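Quick note: numbers below take in every heavy atom, side chains included, and nothing from hydrogens, waters or symmetry partners. Everything quoted here is computed from the prediction, not taken from an experiment.
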Amino acid sequence: MMIRIRSRDGLERVSIDNPNITISQFKTLIQNQLQIPIHNQTLSTNQNLLLAKSPPDLLQFTDMSNPNTLLSSLNISHGSIIFLAYEGHRTIAGPTVHPAGSFGRKMTMDDLIAKQMRVGRQENPHCDSVSFDRDCANAFQHYVNETLAFAVKRGGFMYGTVSEEGKVEVNFIYELPQQGTGEILMLLRDSDEEKLVDAIAAGLGMRRVGFIFNQTIMHDKKDYTLSNREVLQAAELHAESELKEWVTAVVKLEVNEDGGADVHFEAFQMSDMCIRLFKEGWFETEIGEDVDPKLSIMKKDVVVGSKDVKEVDNDFFLVVIKILDHLGPLSTTFPIENRITQVTMRALRSHLDRAKNLPFVKRISDFHLLLFLAKFLDLNSDVPALTECVLTQTAVPEGYQLLIESMANT
């Protein structure tokens, strides 16, 4: 049996031979496999554990505090996610380091250049423009505005196409599991769900093209575009994508001339130097509360202008992209995943009834509906069959229509 462990270090896995073990025995396995001492571990099935800031906060999470409780009694099974907070530090295996300088091999010109990391403004993005499907962009901004009131952060992966000229089109936004506060957006990524999302996108001739998030009303009076935490998160996701046209989009409230507030979209690429610095581990990832949020802190000096500095203005890492809009091939009327209200079969019934005058393929031409269906269908046969119908707007085979209708009636 495999249990997924989500901690501040990301998602890791612990293998279990016997599913009928106690929490005490499970902590021993974590110690052996992840090198975290038992006495430093706090476990919970509640993801809010990762937001705890002090030992008293940790004491509030008691669902896994009894060492004699069986994992099976907590409905924990193969593939379940358990959240782990721990004190102290540990070393996770990284790249091999080769010595250089007077106590190692002789330094070459390449070594000297590598130590002179020059940070400057990048004038030209790799992405010519980003165009948002009006409905998917509106669904995202409406939720953060009307439901969340811009009080907490919210994010999502953008999916669409990239042309040979570097024009990015965004046709749907997948809102992954997450926990947002006024300052921090914690992504609680679900690899199984992301596989479904990527499979649906591939069947529709699309791919992941960027990340979108909102800034809160706490940001309104601050004199920077992105905070150091936002730069770190944007750089991490950009680097992970390996897509040079990757787009980072921001939704914010801005005061207009009449004193009211307008919702405003901005789009950027993280600069090539930003991504290089992130990949090579130059960024300080532990950000203290006393650090100015408009500055990113480096572990070693970089050159900005003619000065060696460890603090870099975040704006140096941003390359502005022009924003367009379009009407894409999908609708965005089905309830969106991982929000406050859970999506049920009743929502499927209601959606199908509202669109009953449309051809069946039009009724299911909605990414969020396809994701809901995909959780009950076969990833390798059913999902490609349905997405092919949506992509080509051809009739859905009767067998799939009957299956979906029967699901809606359960």
Side-chain angles (χ1 to χ4, degrees), residues 11 79 126-133 135-137 139-140 155-178 187 189-212 236-249 269 326-338 343 348 351 359-397 399-401 403-404 407:
L11 193 64
H126 298 290
C127 168
D128 177 77
S129 62
V130 58
S131 181
F132 287 90
D133 170 75
D135 291 340
C136 84
F140 184 81
F157 285 126
M158 304 187 294
Y159 282 78
T161 59
V162 182
S163 73
E164 290 183 3
E165 300 81 26
K167 299 179 188 294
V168 173
E169 281 197 355
V170 176
N171 288 317
F172 69 82
I173 297 170
Y174 159 60
E175 296 181 21
L176 61 166
Q178 58 195 276
L187 304 180
R189 296 179 65 173
D190 182 336
S191 58
D192 292 332
E193 188 169 82
E194 287 186 30
K195 284 179 185 175
L196 293 179
V197 176
D198 289 340
I200 293 168
L204 297 172
M206 302 179 198
R207 61 161 296 163
R208 193 179 298 180
V209 296
F211 182 67
I212 185 170
E236 179 181 9
L237 297 174
H238 188 149
E240 175 191 306
S241 75
E242 299 291 345
L243 177 68
K244 72 177 189 296
E245 297 90 355
W246 181 268
V247 175
T248 298
Q269 282 203 282
H326 68 278
L327 191 59
L330 303 172
S331 64
T332 310
T333 54
F334 190 76
I336 293 174
E337 61 285 340
N338 299 314
V343 184
L348 178 60
H351 176 87
F360 198 84
V361 68
K362 284 285 188 189
R363 297 163 78 185
I364 66 166
S365 294
D366 184 309
F367 160 73
H368 307 287
L369 181 146
L370 291 171
L371 178 58
F372 180 74
L373 294 177
K375 294 177 181 179
F376 304 95
L377 300 174
D378 185 81
L379 178 63
N380 297 315
S381 58
D382 300 333
V383 170
L386 285 176
T387 53
E388 175 69 17
C389 293
V390 172
L391 176 64
T392 57
Q393 288 295 292
T394 51
V396 178
Y400 282 120
Q401 293 191 38
L403 175 62
I404 294 169
M407 289 170 60

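- The shortest distance between side-chain heavy atoms of I173 and I336 does not fall below 4.5 Å.
- Note that OG1 of T332 is 11.5 Å distant from CG of L369, once rounded to the nearest 0.5 Å.
- Between I404 and F360, some side-chain heavy-atom pair lies under the 4.5 Å cut-off.
- The shortest side-chain heavy-atom distance between V170 and V247 does not fall under the 4.5 Å cut-off.
- Taking all atoms of both residues into account, the shortest heavy-atom contact from N171 to G328 is OD1-CA, 3.7 Å.
- Within a 6.0 Å sphere centred on NZ of K375, other residues, nucleotides and ligands contribute more than 12 heavy atoms.
- The side-chain heavy atoms of R207 and L243, taken from C-beta on, include a pair separated by under 4.5 Å.
- Between the CG atom of D135 and the NE2 atom of H326 there is a distance of 10.0 Å, given to the nearest 0.5 Å.
- The two residues A137 and F132 come nearest to each other via the heavy atoms CB-CB, 4.0 Å.
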Check residues 198-205 and write down every donor-acceptor pair under 3.5 Å in which the side-chain atom is one partner and the other belongs to a residue at least two apart or another chain.
unit_1, atom_1, unit_2, atom_2, d
D198, OD1, Y159, OH, 2.7
D198, OD1, R208, NH2, 3.4

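- Checked by atom type and distance alone, the side chain of D366 pairs as donor or acceptor with a backbone atom of T333 at under 3.5 Å.
- Contact detail for A395 and C389: the closest heavy-atom pair is O-SG, 3.7 Å.
- Of all heavy-atom pairs spanning S381 and Y400, the tightest one is O-OH, 4.1 Å.
- Interatomic distance, OG of S331 versus NE2 of H351, reported as 5.5 Å (0.5 Å rounding).
- The shortest distance between side-chain heavy atoms of L237 and T248 does not fall below 4.5 Å.
- Residues meeting the salt bridge (Lys or Arg N to Asp or Glu O under 4.0 Å) test with R189, sequence neighbours left out: E194, E240.
- The OG atom of S129 lies 4.5 Å from the NZ atom of K167; values are rounded to the nearest 0.5 Å.
- Side-chain atoms of S365 and Q393, non-hydrogen and from C-beta on, do get closer than 4.5 Å to each other.
- In this structure, E245 contributes its side chain and V168 its backbone to no donor-acceptor pair below 3.5 Å.
- In this structure the side chain of D190 never reaches within 4.5 angstrom of the side chain of L176, judged on heavy atoms.
- No option in L377, T387, L373 other than L377 meets the side-chain contact (heavy atoms from CB on, under 4.5 Å) test with D382.
- Ring geometry for Y174 versus F157: interplanar angle under 30°, hence parallel rather than tilted (30 to 60°).
- Annotation: ring-ring contact (aromatic ring centres under 6.0 Å, His included) contacts involving residues 371-393, sequence neighbours excluded, comprise F334-F372, F372-F376.
- The shortest non-hydrogen separation linking G156 to F140 is N-CE1, 4.4 Å.
- Looking at I364 and V390, their side chains come closer than 4.5 Å, going by heavy atoms from C-beta outward.
- Shortest non-hydrogen contact noted between C127 and Q269 is N-OE1, 2.9 Å.
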### Task
Determine, step by step, whether F211 and L187 satisfy the side-chain contact (heavy atoms from CB on, under 4.5 Å) criterion, reporting the C-alpha distance in whole Å, the side-chain angles of both residues, the deciding distance to 0.1 Å, and the verdict.
CA-CA 12 Å; F211 182 67; L187 304 180; 4.2 Å; yes

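- Between the CZ atom in R363 and the CG atom in L348 there is a gap of 9.5 Å [rounded to 0.5 Å].
- Distance check: M206 CE to M158 CE gives 14.0 Å after rounding to the nearest 0.5 Å.
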